[in-house]
Amino acid sequence: MHIYDSVEKTKRKFIPQEAGKVSLYVCGPTVYDNAHLGHAKSALVFDLLTRVLQADGLDVTYARNITDIDDKIIKKAQELGKDIQEITDFYTDVFHKEMQAIGVRPPDIEPKATQNLDAMQSMIATLIENNHAYVTEDGDVYFDTASDSQYLSLSKRFQEEESKQERIASSSMKKNPADFALWKSVKDGSVSFSSAYGAGRPGWHLECSAMIEKHLAKPNTAFSVDIHGGGADLLFPHHENEAAQTRCSSNHALANYWMHNGFVNINGEKMSKSLGNSFFLKDALKEYDGEVLRFYLLGTHYRSNFNFNTQDLQSAKKRLDKLYRLKKRLFGLAVSEEKTPFQEQLLSILKDDLNTSSANALIDEMIAKTNETLDTPGKHKLLKRETMANLSFIEQVLGFGVKNPFEYFQFGVDAQTKAHLEELINKRNLAKEAKDFAQSDKIREEILALGVNLMDTPNGTFWEKI
RNA sequence: GGUGCCAUCGCCAAGUGGUAAGGCCGCAGCCUGCAAAGCUGCUAUCCCCAGUUCAAAUCUGGGUGGCACCUCCA
């Protein structure tokens, strides 16, 4: 396995700290709103990573957190007049369902910030003890960036300029504008937790470091985790600060490999909360099968920026359709698990920093070759068995083609329409048998007007929602 | 202003020193009652200029044009 390390800025051979085992931590969502395509992209990338590592025989422990305490959540709760937990439970549930819809498997560990305050407080205590953090008169606790000689080594920035660039009126209590909060005191009686420094809430960056130490890190290792992942925008300041906290409170560095996925843009613009141009997963899932979204979002290399548009989505769907048509063709055959050269090739392509684009090319070539042979006379028993094995491998590693192929082509068609279609198809087949082609073509036009394509095959007439 | 990324066929997109994958669209053909699907064939020298090299889309320098981070963000 080779992974592009976004801190070293080079592709590195992946060597886990403990032979055969991988620990992976990815920054998860703050649950106060619906997930958008960017959340989907990030979750998909690391879902794929775990699948590839597992296919390569590694035992992966994957943790992705849920941030369920945050100013934005509190704000939302206040706006809606609801309890915080009502908000976070609701959006956590939505997130889980949407992830399932796009084939993202649940992480092994999904720690919540509210359930790990003990770990955060003990990390704060250690940082203060080590003189890497200080308490202000207000009861805030800040990380002392000047105390960490390696601060900014991750994002490779320069301290002086950062200070100059400070745009927010800095708290007079901070020693240095770059210092960031580990604990923010709360005095107005809103949501808070008790601590040795008074009531307050944990800082944004602390949560990840603390939960990694608690759930993934092992004693006497050079790094807390093998791989740390997240969106490209998290490198600074989030990951920089996480790394500082961990290195200054423990005897190991945070991560051996850093992976950052590129962004999903809409019409060439970054999708973001402040720009208000988010494309929510829940809306996309109304119009497209979750697997189409998965296929589309994974079609481009994970590090590249991704420009979302419906034309490209359609073209991705057509590509996935071909995989499903082959599945239709082989429907009902026994699943095979045998090893084939194709699988080795596919895995080796994916092991090269998740080259999904090349993987798709290989799959398309396999599909075309298989179809070509199936078009010739013969039983093709061996080919069929190998193809079944290949398709199963594609499902397992890439999560493509996991559905019933007939149902896949019926996405968004209700039961009533299905019954109507069956009726029309029967009528058309009768007309065809009677060689009344004018009538059968007329019915086909009628069906096409419903957005449904017909295909006459030796095994009968099938329909597909376009 | 600082830091970094990117620029490959009409569109999407691999390839990062050895002579341009794949998909969508398009055209032609096979198959089909006709279609659809499937298959076959056809379609780019890689933003510009200079350099290094036997050899460059791939390295170096200089342009031009996009984008991101530096503020909550996946």
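In what follows, every chain begins at residue 1, and chains take the letters A, B, ... in the order their sequences are listed. Since this is a predicted model, take the numbers as computed values, not measurements.
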Please work out if A:Asn453 contacts a base, only the sugar-phosphate, or nothing of the nucleic acid, heavy-atom cut-off 4.0 Å.
sugar-phosphate

Between atom CG in A:Asp353 and atom P in B:rA14, what is the gap in whole Å?
12 Å

Round to the nearest Å and state the distance from A:Asn34 atom CG to B:rA74 atom P.
13 Å

Between A:Asn355 and B:rG15, is there a side-chain N or O to OP1/OP2 distance below 4.0 Å?
yes

Spacing of A:His205 atom NE2 relative to B:rA74 atom P, expressed in whole Å
13 Å

Tell me what A:Arg428 touches on the nucleic acid: a base, only sugar-phosphate, or nothing, going by heavy atoms under 4.0 Å.
base

Report which part of the nucleic acid A:Gly231 touches: base, sugar-phosphate, or nothing (heavy-atom distance under 4.0 Å, all strands).
sugar-phosphate

Looking at every non-hydrogen atom in both residues, tell me the closest pair between A:Tyr324 and A:Val402 and how far apart they are.
OH-N, 3.2 Å

Would you classify A:Asp233 as touching base, sugar-phosphate or nothing, given that sugar-phosphate means primed atoms plus P, OP1 and OP2, and contacts are heavy atoms under 4.0 Å?
base

Classify the nucleic acid contact of A:Val45 as base, sugar-phosphate or nothing, counting any heavy atom under 4.0 Å across all strands shown.
nothing

Per atom distances to the A:Ser304 side chain, the nearest of B:rA14, B:rA74, B:rC69 is B:rA14

Only pairs with both distances under 3.5 Å count, Watson-Crick or wobble alike; so what is the partner of B:rA14 in this structure?
none

When the P atoms of B:rC27 and B:rC46 are compared, how many Å lie between them, rounded to an integer?
28 Å

Quick check on RNA chain B: between A:Gly299 and A:Leu234, whose nearest nucleotide comes earlier from the 5' end?
A:Gly299

Starting at atom CD of A:Gln345, determine the distance to atom P of B:rA14, rounded to an integer number of angstrom.
19 Å

For A:Lys327, what residues pass the side chain to side chain donor-acceptor pair (under 3.5 Å) criterion, not counting sequence neighbours?
A:Glu395

Output the rounded distance in Å from CG (A:Asp456) to C1' (B:rA35).
8 Å

Roughly, in whole Å, what's the span from OH in A:Tyr151 to P in B:rC70?
12 Å

Does B:rU60 pair with anything, Watson-Crick or G-U wobble, both distances under 3.5 Å, and if so, with which nucleotide?
B:rA50

Hey, are A:Ser357 and A:Asn355 close enough side-chain-wise for a donor-acceptor pair under 3.5 Å?
no

Reading RNA chain B from 5' onward, which residue's closest nucleotide shows up sooner: A:Asn261 or A:Lys369?
A:Lys369

Figure out the CG/P separation between A:Asp47 and B:rA74, and round it to whole Å.
18 Å

Indicate, with a heavy-atom threshold strictly under 4.0 Å, whether A:His260 touches base, sugar-phosphate, or nothing.
nothing

Looking only at atom C1', what distance separates B:rA44 and B:rG10, rounded to whole Å?
11 Å

Give me each pair satisfying salt bridge (Lys or Arg N to Asp or Glu O under 4.0 Å) with a member in residues 434-462 of chain A, each pair once, sequence neighbours excluded.
A:Arg428-A:Asp456, A:Lys432-A:Asp456, A:Asp441-A:Arg444

How is A:Phe462 classified with respect to the nucleic acid when contacts are heavy atoms under 4.0 Å: base, sugar-phosphate, or nothing?
nothing

Return yes if a side-chain donor-acceptor contact under 3.5 Å exists between A:Asp312 and A:Asn309, otherwise no.
yes

Partner of B:rC72 under the Watson-Crick or G-U wobble criteria, both distances under 3.5 Å, comes out as none

Distance-only donor-acceptor test (3.5 Å): side chain A:His36, base B:rA74:
yes

Quick check: A:Phe46 with A:Tyr62 (ring centres under 6.0 Å apart)?
no

A:Lys41 versus A:Gly262, closest heavy-atom pair with distance:
CG-O, 4.2 Å

Integer-rounded Å distance: B:rA74 P and A:Leu37 CG
13 Å

Would you measure the distance from the C1' atom in B:rC31 across to the matching atom in B:rG41 and give it in whole Å?
15 Å

Sequence-distant partners of A:Asp364, side chain to side chain contact (heavy atoms under 4.5 Å, CB included), two or more places apart:
A:Arg319, A:Lys322, A:Ile367

For the rings on A:Tyr25 and A:His228, is their centre-to-centre separation under 6.0 Å?
yes

Nearest to the side chain of A:Cys27, which nucleotide is it out of B:rA74, B:rC67, B:rC70?
B:rA74

Applying a 3.5 Å limit to both distances, which nucleotide forms a Watson-Crick or G-U wobble pair with B:rU40?
B:rA28

Would you say the side chains of A:Asp188 and A:Ser190 form a donor-acceptor pair under 3.5 Å?
yes

Note: contacts of residues 437-448 of chain A with RNA chain B (heavy atom, under 4.0 Å) are A:Phe437, A:Ser440, A:Asp441, A:Arg444

Results of side chain to side chain contact (heavy atoms under 4.5 Å, CB included) for A:Leu383 - residues two or more places apart only:
A:Thr370, A:Thr373, A:Leu374, A:His380, A:Thr387

State which of B:rG33, B:rA37, B:rA14 makes the closest approach to the side chain of A:Arg325.
B:rA37

Per-nucleotide protein contact string for nucleotides 16-27 of chain B (B base, S sugar-phosphate only, - none; heavy atom under 4.0 Å)
-----BBSSS--

